[in-house]
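I have placed the structure first, in the form of structure tokens, so that the comments after it can refer back to it.
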Amino acid sequence: MSLHLTLTTPLRIEADVPDVASLRAEDASGDFGILPGHADFLTVIGAGVMRWRAASGPWHYAALRGAVLSVHADAVRVAAREAILSDDLSHLRAEVSAARARAEDTRRSLRSQSARLHARAIRQLMRQLGPGGDSLGLEEAGT
């Protein structure tokens, strides 16, 4: 007996492994393991590392963010916002660190771009209001 693991993100199928002997992950309640014949199960994994292996093979790892894991009839399905896979845990740590750095750079760039757009919009409003008073026609006529 074995488990069939399917790991997906919004853009692709990250892993489709038909011969998983065991799987381990962690949710808000703690660490858990799944073996063939496991009862139906559903949980949310906010962020963490899931690992699995075939009966005699090495461990494989996936760093997950925003995942839902379900088990039904020896099928383990994981749908995650983000997943980074590796066969080496230290390599996975480096990949996750690099992904975090890229995400932070993107956030910084977006904040800076947003601030520039906001400042430009304020400058345009100030030019339209200008020294001549109400250029938007908000004052009543003839006053």
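- Residues satisfying the salt bridge (Lys or Arg N to Asp or Glu O under 4.0 Å) criterion with Asp16, sequence neighbours excluded, are absent altogether.
- How far CG of Leu5 is from CZ of Arg77: 10.5 Å, rounded to the nearest 0.5 Å.
- In this structure, CZ in Arg53 is found 10.5 Å from CZ in Arg24, a value given to the nearest 0.5 Å.
- Across all non-hydrogen atoms, the minimal contact from Val71 to Ala39 is CG1-O, 4.0 Å.
- Both Trp59 and Ile84 belong to a common hydrophobic cluster when Ile, Leu, Val, Met, Phe, Trp and Tyr are linked at side-chain heavy-atom distances under 4.5 angstrom.
- Within a 6.0 Å sphere centred on CG of Leu110, heavy atoms belonging to other residues, nucleotides or ligands number more than 12.
- Here the shortest heavy-atom pairing between Pro36 and Ala21 reads CD-O, 3.2 Å.
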Assess whether side chain to side chain donor-acceptor pair (under 3.5 Å) is satisfied between Arg116 and Ser112, documenting all intermediate values.
CA-CA 6 Å; Arg116 282 193 303 273; Ser112 174; 2.7 Å; yes
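- Note: the hydrophobic cluster containing Met50 does not contain Tyr61 (ILVMFWY, side chain heavy atoms under 4.5 Å, direct or indirect links).
- One distance of note links NE2 of His38 with CG of Leu3; it measures 9.0 Å at 0.5 Å rounding.
- Val49 is not connected to Ile45 by any chain of hydrophobic side-chain contacts under 4.5 Å among Ile, Leu, Val, Met, Phe, Trp and Tyr, and they are in different clusters.
- Summarising the geometry of Ala83 relative to Leu7, their closest heavy-atom pair is CB-CD2, 4.2 Å, with the distance given to 0.1 Å.
- Summarising the geometry, atom CG belonging to Leu69 is positioned 6.5 Å from atom CG belonging to Leu23; distances are rounded to the nearest 0.5 Å.
- In the hydrophobic clustering of this structure, Leu64 groups with Phe32; members are Ile, Leu, Val, Met, Phe, Trp, Tyr whose side-chain heavy atoms approach within less than 4.5 Å, directly or through other members.
- Closest non-hydrogen pair, Thr9 versus Glu14, comes out as OG1-OE2, 3.2 Å.
- Scanning all heavy atoms of the two residues, the minimum distance from Ala67 to Val78 falls at CB-CG1, 4.1 Å.
- For Arg120, the CZ atom sits in a loose shell: 12 or fewer heavy atoms of surrounding residues, nucleotides or ligands are nearer than 6.0 Å.
- Side chains of Arg123 and Met126 form no contact here, defined as non-hydrogen atoms less than 4.5 Å apart.
- Rounded to the nearest 0.5 Å, atoms NE2 (His72) and NE2 (His4) are 14.0 Å apart.
- Taking CG of Asp74 as the reference point, atom CG of Asp40 lies at 9.5 Å (rounded to 0.5 Å).
- Here the shortest heavy-atom pairing between Leu35 and Ser22 reads CD2-CB, 3.5 Å.
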